[in-house]
Structure formats: structure tokens, C-alpha cells
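Inspection log for the structure reproduced underneath, given as C-alpha cells.
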4 protein chains.
Amino acid sequence: MPRQVRARRLPPEVRREQIVAAVLKVVAEHGVPEATVARIAQAANVSEGTLYVYFPSRREMLLAALEAILNEMYALIDIEPEADALTRLRKIGKIHAQEMAAERGLMALPWFEFIAAGPQVGLREAVAETHRSAYRRLRGIIEDGIAKGTIRSDVDPDRLAWGFYTVLWAENIACMMGMKEYLGDGHADHIMDLILSEAAPRKRPEA
Amino acid sequence: MPRQVRARRLPPEVRREQIVAAVLKVVAEHGVPEATVARIAQAANVSEGTLYVYFPSRREMLLAALEAILNEMYALIDIEPEADALTRLRKIGKIHAQEMAAERGLMALPWFEFIAAGPQVGLREAVAETHRSAYRRLRGIIEDGIAKGTIRSDVDPDRLAWGFYTVLWAENIACMMGMKEYLGDGHADHIMDLILSEAAPRKRPEA
Amino acid sequence: MPRQVRARRLPPEVRREQIVAAVLKVVAEHGVPEATVARIAQAANVSEGTLYVYFPSRREMLLAALEAILNEMYALIDIEPEADALTRLRKIGKIHAQEMAAERGLMALPWFEFIAAGPQVGLREAVAETHRSAYRRLRGIIEDGIAKGTIRSDVDPDRLAWGFYTVLWAENIACMMGMKEYLGDGHADHIMDLILSEAAPRKRPEA
Amino acid sequence: MPRQVRARRLPPEVRREQIVAAVLKVVAEHGVPEATVARIAQAANVSEGTLYVYFPSRREMLLAALEAILNEMYALIDIEPEADALTRLRKIGKIHAQEMAAERGLMALPWFEFIAAGPQVGLREAVAETHRSAYRRLRGIIEDGIAKGTIRSDVDPDRLAWGFYTVLWAENIACMMGMKEYLGDGHADHIMDLILSEAAPRKRPEA
DNA sequence: AATGAATGAGTTTTCATTCAT
DNA sequence: TATGAATGAAAACTCATTCAT
């Protein structure tokens with residue numbers, strides 16, 4: 001007869017999600033190096049031993065959390081899927097900037113928080129892969145826009161996608177360092193406009 | 001009970017620099033969280049005790065290394081001091097890009113490697129301050145350019161300086177994650193051109 | 001990476017007591033400053049890590065041990081609770097003297113062994129508080145005796161209690177320094193008699 | 001040409017005294033466990049290396065300091081050497097009590113501060129020997145008093161000397177723990193009177 | 001499946017002692 | 001004689017991982 005039932009028997013998938021959510025919470029609050037299994041267990045309202053029933057190691061827990069962030073990023077990218085490419089890009093950029101400025105949600109958990117484990121733990125490669133994955137999705141939008149004529153046909157999709165990404169990254173860094181002066185004064189927005197205006201079709205490239 | 005004299009007596013200043021160099025080396029190789037005093041001591045070829053003769057704590061060692069990076073950044077910014085502002089900015093951008101692509105020198109040790117110690121250690125604030133310090137220097141160049149007429153007078157120096165910084169940051173991130181495709185294909189250069197061309201005086205601001 | 005299971009799983013309370021016992025043993029043998037966690041772990045036959053499962057710090061281990069000593073002292077004070085006050089005091093004094101002379105049991109672990117951690121650790125205050133606590137209990141006996149007429153009504157309970165305590169302290173010091181000549185030849189007993197005879201009611205206060 | 005002359009060449013004996021004084025100062029301030037050679041060197045205004053020119057080890061420094069305390073105790077005992085024995089004892093007791101209450105001078109550095117190094121360092125035995133030495137001197141006064149008739153001839157000098165010592169010890173302990181209530185309210189004085197009145201010659205032994 | 005007590009290697013930091021200068 | 005840079009063993013404490021229950 002157990003004195004206290006901490007966690008009811010739960011479907012494995014649910015339990016896993018519960019743990020992943022806990023990892024994200026702890027990482028957001030304390031950063032990766034301080035995301036100890038003890039803290040994760042507490043946040044997940046589960047014993048430390050249970051974590052190891054669902055994950056072979058702390059590293060795997062972090063990777064699972066990274067994947068969750070990727071999905072969040074996908075969700076952001078897939079916002080307003082019926083709009084034209086440029087509109088979509090602008091929308092994505094705007095929301096990202098807002099999230100960064102507000103330090104809110106998963107987006108405010110900068111991806112490279114995961115870089116923090118050091119170059120040799122192998123999380124960095126995972127982060128890079130995550131970025132590449134999101135990047136490809138983004139470029140898909142651009143290529144689609146070119147095909148549909150909503151983006152100038154002479155635009156190099158790689159160039160535009162990376163330009164877009166440049167701003168996202170800078171926002172992430174600024175968010176991570178708490179540089180309100182960068183996030184708050186629309187500097188990133190300005191660069192974003194500059195980059196996207198290059199891609200706008202018709203007439204002069206400047207509006 | 002000292003058993004063995006490993007390192008010959010050295011002028012304190014030299015030894016300090018030796019240690020700082022070791023810190024940078026270890027951080028570059030393993031990242032901040034894995035930059036243990038044991039590793040630093042080994043890299044500096046001194047005992048762990050010796051480290052504490054020169055620094056009161058591991059944190060101070062890291063801060064000293066951060067300062068060295070800042071000085072490197074200053075040196076980069078002060079390159080070609082007699083040239084006109086735009087030329088200087090272009091030159092700084094070019095060298096930074098090269099260093100990042102080559103993963104060479106101190107510049108290739110991305111500043112925000114130091115962010116990796118986790119939000120609670122207080123290194124992040126130090127990094128942010130370092131960035132602000134370099135930023136101000138950069139803006140000084142711009143303001144000087146405006147005063148001398150080599151930069152358009154209607155340019156907002158903050159906007160331009162942050163725009164410039166945006167690219168540096170993105171390059172740093174890409175370098176840190178080993179994203180050769182970003183660094184090698186001139187994507188950052190392109191954004192840099194876009195930003196700087198806005199600031200060029202005479203004629204139409206866009207080519 | 002746990003290699004070996006040294007200690008079988010035990011009810012937490014039992015393990016805690018086991019550790020406290022180990023602390024007392026080590027302190028008695030080596031003194032507080034040399035009561036290292038390594039020694040305590042060895043004495044308790046658990047790993048050092050296990051100690052920190054039950055106590056947040058070495059200091060807390062020492063305080064727990066101090067509390068155990070206080071309880072022992074309480075037990076001594078509460079001996080023969082139905083006897084009259086003077087008889088009780090005499091009995092307490094006698095047993096204390098015996099324990100000190102025999103260097104036996106917890107009583108032989110002088111309280112102020114805990115003072116030895118140095119003035120800055122803050123254990124001294126805890127020791128003082130422990131003494132005050134036992135002192136109050138002792139004074140309670142005396143006040144009770146006065147109320148019941150077994151102690152002269154003109155006796156100042158504080159004076160008598162501190163007088164009693166004076167002898168206990170001296171015995172402790174002598175025990176700690178191994179001064180057999182003091183403990184063995186009844187010198188403390190004599191002072192104790194002197195002090196208690198003052199408190200005896202009726203007739204002449206003793207010749 | 002040395003940049004800064006810390007300590008002029010000094011007669012060895014003077015330098016030794018300088019160091020011993022530093023040890024006492026540091027022990028009084030920080031206690032034995034915290035009396036590090038670094039602190040001692042600083043207090044003596046001498047390099048750490050120099051300490052080892054005059055003493056083979058930290059332990060010897062502490063023992064030398066203990067000896068200095070013994071001399072201080074001798075000086076206290078030899079106060080008013082021409083007075084009669086009881087007067088001398090009363091005087092000694094009074095000054096000791098004052099010093100303890102005021103936490104002043106070397107006397108306020110309780111001897112058993114030196115016990116703090118732990119039972120196995122061998123300082124305790126040295127402390128005990130110091131006490132015995134002072135004890136013998138004290139008993140000499142008493143024996144002298146008996147011979148001269150200023151102390152009752154039926155008094156056991158050992159008993160009286162130890163009784164006297166009992167109070168000194170208790171005062172030391174109280175001082176060490178900061179028990180103002182004991183030191184300030186004359187409790188120790190009272191016991192002292194009790195003990196000494198036993199030794200007063202003529203008439204009844206005191207009421 | 002779930003637990004959490006137990007582990008021990010590893011972390012940062014301290015400090016008595018030595019010895020080349 | 002005097003120095004203080006250098007040492008390394010040992011201190012307190014942390015934490016990912018295991019496994020008997």
C-alpha cells in the first residue's frame with residue numbers, strides 16, 4: 001500500500017509528453033546546464049527513476065525537448081498557410097519578434113539554449129539539424145512564392161531564406177541576453193523589411 | 001605538500017596571460033560548462049592551485065577570458081582607423097566573416113559561448129555588457145561618418161549600428177553551430193551590403 | 001554511475017539515526033574540525049553522497065548530532081523525576097561526574113567539542129542555545145524544589161542553577177583535556193557539595 | 001633592488017615574537033581552525049615563506065602562541081606577590097572575571113581555543129600541560145599561605161587549587177560561548193567566594 | 001510501471017608546505 | 001635571510017544513473 005501516489009499509471013505517450021513539457025519548463029527557467037534530472041522529475045511530478053523508464057539518459061530528454069521546439073517552430077512557419085508567400089513571411093517575422101520581445105512561450109526559449117551543453121555533447125549538431133529542418137520548410141514557402149509569382153522570379157530562395165533567418169537568429173540572441181534596446185526599438189523589424197522588400201515583385205524594389 | 005615543481009617561476013603578468021589563453025582554448029574546445037578548472041589547469045600546464053593564485057574563482061577566469069575577447073573585438077573595430085566610416089564598416093564586416101568562416105582566432109570563439117553557463121551564473125549579463133561596449137564603439141564610427149558626410153545624414157546611427165550587429169550575431173551563431181552553408185555562401189555578406197548600402201551618401205540610396 | 005550497492009535500503013529514519021551516530025563517533029574520536037564528511041561516511045558505512053540525501057550540509061549533520069547530545073542531557077536531567085529537587089540534583093551531578101571520569105557515552109562527548117569549529121561557523125551559538133535549553137530545565141527543577149520546600153526559599157534559582165552548571169562545565173573541560181587528576185580525585189564533587197549544601201533547608205547550611 | 005621592503009632584517013628573537021603576536025591576534029579573531037598561515041603572515045607583515053624560517057610548521061606556531069598565553073597566565077598569577085595568599089587568590093579571580101566579561105586581552109582568548117584543532121593533533125595535551133603548569137604555580141601560593149597561616153591549615157591545597165580552577169574554567173567556557181548572563185551577573189564570583197571562604201582562617205568557616 | 005535510496009566520480013575551492021630566486 | 005609562486009592533496013558538495021523493492 002503506497003503511502004502517497006505521486007503519479008497514476010498513465011498511457012506511456014502521455015507520460016512522455018508530460019516529461020518533455022517538464023524539460024522545456026526547467027530549461028526555460030534554469031538553462032540547460034542547470035536542468036538537472038532532479039529538477040525535471042520535480043517539474044514532471046514524477047520520480048527520478050521514472051524518467052529513466054521513458055528515456056535512456058538525460059541527453060535524450062533534452063533531445064526530445066529540442067524536437068518539441070522544432071514542432072513549435074513548424075507551427076509558427078505554417079501559420080496562415082493560404083496567404084501568399086510574402087505575407088506569410090511577414091507574419092512569421094512579426095510573431096517571432098513579438099514572442100522574443102515578450103520572452104513568452106516556447107519561442108522565447110532560444111534554440112541555442114541547447115548549445116549550452118558544450119560542443120562535445122553532441123547537442124549542437126542536433127540544434128543545427130533542427131535549424132536546417134526549419135530552414136528547408138521556410139525555403140519551401142519562398143520557392144512556392146516564386147512559382148506563384150508573389151515573389152520576384154530573380155530572387156535566390158536560399159539567399160532570401162537565410163536573410164530571413166539572419167534576423168530570427170539575431171532576435172534570439174538579443175532575447176537570450178536580455179537586450180531590450182534591440183528587441184524593443186524595432187531594429188530587427190527594419191532589417192526584416194529591408195530583406196523582404198527586395199523580394200517584392202513589380203515596380204521599384206523599394207516601397 | 002608540493003611534490004614536484006611543474007612550472008618555472010614566471011612573471012605574474014605572463015602567467016596570467018598564459019592562463020587566460022588556456023581558458024579560451026578550453027572554452028573553444030569544450031564550451032563553458034565543460035571548461036572545468038581541471039581542464040584549464042592542464043591546458044595552462046600549471047596546477048589547479050596555481051589558477052587560484054591568479055584568480056579568486058573559476059568565474060573570474062571566465063570573465064578574464066571574456067575581456068580578452070572584447071579586446072580582440074576592439075582591435076577588429078579599430079582596424080584602418082583613418083579610412084572613412086563606410087569603408088571601415090565594410091572592412092570590419094569582411095574580416096569578421098572571414099574569421100567566422102575559418103573558425104580561426106579569438107573571433108571564432110563566439111561570444112555567447114559564455115551564455116552557456118546558464119542564466120543564473122551571471123555571465124550572461126557580462127556578455128551583454130561586452131556587446132554593448134563594442135556596440136557603442138561601433139556607433140561612434142557611424143556618428144563620426146555622419147559628421148564627416150561619409151554617411152548619409154538622415155541615417156539613424158542606432159539603426160545602422162544594430163543592423164550591422166545583426167549580421168555579426170548571425171555569423172556567430174552559424175559559426176557556433178558549424179553551419180558552413182551559411183558562412184560559406186556569402187549570405188551574411190549580402191545582408192551586410194544591403195544594410196550598408198542604405199547608408200551610402202549621394203544619388204539614390206538603393207542601387 | 002553507481003558501481004556497487006554498499007548499503008541495503010533502509011527506512012529513512014533508521015539511516016538518519018545511523019548517520020547521527022556516526023557523526024558523534026567521529027567527533028568524539030577526531031574533534032569537530034577533523035570530522036570530515038569522508039570520515040563520517042566511512043563510519044556510517046555509506047557513501048558520501050548518501051549523507052547528502054539526509055542532510056543538506058555537513059553543518060546540519062553536526063547540528064543533528066548536537067541535538068542528540070541535548071536529548072541525552074535531557075534524559076540525564078529527567079532522571080528520578082519523583083525524587084525531591086536536591087536529591088535529583090545530587091544524582092544528576094553524580095552521574096555526570098561518573099560519565100566524565102569514564103569518558104563513556106554521549107555525555108563524554110563534551111558539548112563544547114562543537115565550539116571547536118571556530119567562531120565563524122555559527123556552531124557556537126547553537127551550542128550556547130543548547131546549554132541554555134538544558135539550563136532552563138535544570139532551573140525548573142530548582143524552582144519546583146523551592147515551591148515544595150525541599151530547597152531553601154531564600155535561594156536564588158539562577159544562582160544555584162549556574163553554580164551547578166559551573167561544575168558540569170569544569171568537568172567537561174577536564175574530560176576533554178584528559179585531566180584524570182581533576183576528575184578522579186573528587187574535586188568537582190566537593191565543589192558540588194559546597195554549592196548544593198547552600199541550598200539545603202533547615203538547620204545550619206552544612207558545616 | 002626589491003620593489004617593496006616588507007620586513008627589514010630583524011634580530012631573530014624579535015621576529016619570532018612578532019610572529020607569535022600575530023598568531024595570537026589571528027587566533028583571537030578567527031579561532032584556531034581559521035588561523036591559516038596566510039592570515040598569520042599578513043598579520044605579522046611577513047611573507048608566508050618567512051614564517052617557515054622561524055617555525056618548522058603551523059603547529060609549532062600555535063604551540064609558541066600557547067606558550068605566550070601561559071606566560072600571560074603566569075603574569076596574572078604573580079600579581080601582587082607580596083600580599084597574603086587569600087588576597088592574591090581573590091585578586092586573581094577578580095581580574096580573570098573582569099577580563100572574561102570584557103572579552104579583552106589574551107585572557108579572553110580562552111585556552112581551549114587551542115583544543116579546537118581536534119584531539120589528535122596533539123595540541124590538547126599541550127593545553128593540558130599548560131594548565132598543569134599554571135595549576136602548580138597556583139598551588140604554590142596556597143601552600144605558601146598555609147605555611148604562613150593566612151590559609152587554614154586543614155585545607156587541602158589540591159582541593160582548593162582545583163576549586164579555584166573550576167571557576168576559571170567555567171568563566172572561560174561562558175566567555176567562549178558568549179554567555180553574558182553567566183559572566184555579567186556575578187554567578188562565578190559567588191562560587192569563588194564560597195570556595196575561598198572555606199579557606200579563610202579563624203572563626204566559623206563563613207555562613 | 002514506478003519509486004527513491006544509494007552511489008561515486010567529478011566539481012570548485014582551500015591551504016600547509018616547498019624551493020628557486 | 002626573505003620571498004611568494006607553485007603545488008597537490010583533501011575538503012565540501014552535486015548529480016546522472018542504477019536497482020531492489
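Residue numbering restarts at 1 for every chain, and letters A, B, ... go by the order of the sequence lines. These numbers come from the heavy atoms of this one structure, side chains and all, not from hydrogens, waters or symmetry mates.
The CD1 atom of Ile40(B) sits 10 Å away from the P atom of dT13(E) (whole-angstrom rounding). Between the CG atom of Leu62(C) and the C1' atom of dA12(F) there is a distance of 12 Å, rounded to whole Å. Distance CG (Leu51(D)) to P (dC15(E)): 15 Å, rounded to an integer number of Å. For Phe55(B) and dT12(E), the CZ to P distance is 15 Å, given to the nearest whole Å. In this entry the distance linking CG of Asn45(A) with P of dA1(E) reads 19 Å, nearest Å. In this structure, Met61(C) places its CE atom 12 Å from C1' of dA11(F), rounding to the nearest Å. Atom CD in Gln42(C) sits roughly 13 Å away from atom P in dA10(F) (whole-Å rounding). Taking atom CD on Glu13(C) and atom C1' on dG4(E), their separation rounds to 16 Å, with Å as the unit.
Between Pro12(B) and Arg59(C), the residue whose closest nucleotide on DNA chain F is further toward the 5' end is Pro12(B). Both Ser57(C) and Gly49(B) sit near DNA chain F, but only Gly49(B) has its closest nucleotide nearer the 5' end. Annotation: of the two residues near DNA chain E, Ala35(B) and Thr50(B), the 5′-most nearest-nucleotide partner is Ala35(B). Nearer to the 5' terminus of DNA chain E, by closest-nucleotide assignment, is the contact made by Pro11(C) (compared with the other of Thr36(B) and Pro11(C)).
Within 6.0 Å of CD in Glu67(D) there are 12 or fewer heavy atoms belonging to other residues, nucleotides or ligands. In the displayed structure, Glu60(A) atom CD is contacted under 6.0 Å by more than 12 heavy atoms of other residues, nucleotides or ligands.
A donor-acceptor pair shorter than 3.5 Å cannot be found between the side chains of Gln42(A) and Arg39(A).
Among Val32(C), Val26(C), Val27(C), the one residue that satisfies the side-chain contact (heavy atoms from CB on, under 4.5 Å) test with His30(C) is Val26(C).
Considering only side-chain atoms of Glu48(A), the nucleotide from dT13(E), dT17(F), dA6(E) that sits closest is dT17(F). In this structure, the nucleotide among dG4(F), dT3(E), dT7(E) sitting nearest to the side chain of Ser47(D) is dG4(F). Side chain of Arg58(A), nearest nucleotide from dT17(F), dA6(E), dT13(E): dT17(F). Distances were taken from every side-chain heavy atom of Val37(D) (C-beta onward) to each of dC13(F), dT17(E), dT3(F); the shortest belongs to dT17(E). Nearest to the side chain of Val53(C), among dT3(E), dC13(F), dT7(E), sits dT7(E). When distances run from any side-chain atom of Tyr52(A) to the nucleotides dA16(F), dA6(F), dT18(E), the shortest one goes to dA16(F).
Nucleic acid contact class of Tyr54(A) (heavy atoms, under 4.0 Å, all strands): sugar-phosphate only.
Base pairing in DNA chain E yields stems of at least 3 consecutive Watson-Crick or G-U pairs, both distances under 3.5 Å, namely E:2-21 with F:2-21.
For the OP1/OP2 pair of dA2(E) and a distance below 4.0 Å, the side-chain nitrogens and oxygens of Arg15(A) include at least one atom meeting the criterion.
In terms of modelled atom types and a separation under 3.5 Å, the side chain of Arg58(B) and the main chain of Ala35(B) share a donor-acceptor contact. A distance-only check finds a donor-acceptor pair linking the side chain of Thr130(A) to the backbone of Ala126(A) [under 3.5 Å].
Annotation: side chain of Arg15(A) is in contact with side chain of Val46(A) (closest heavy-atom distance under 4.5 Å). Using a 4.5 Å heavy-atom threshold, the side chains of Val20(D) and Phe55(D) count as touching.
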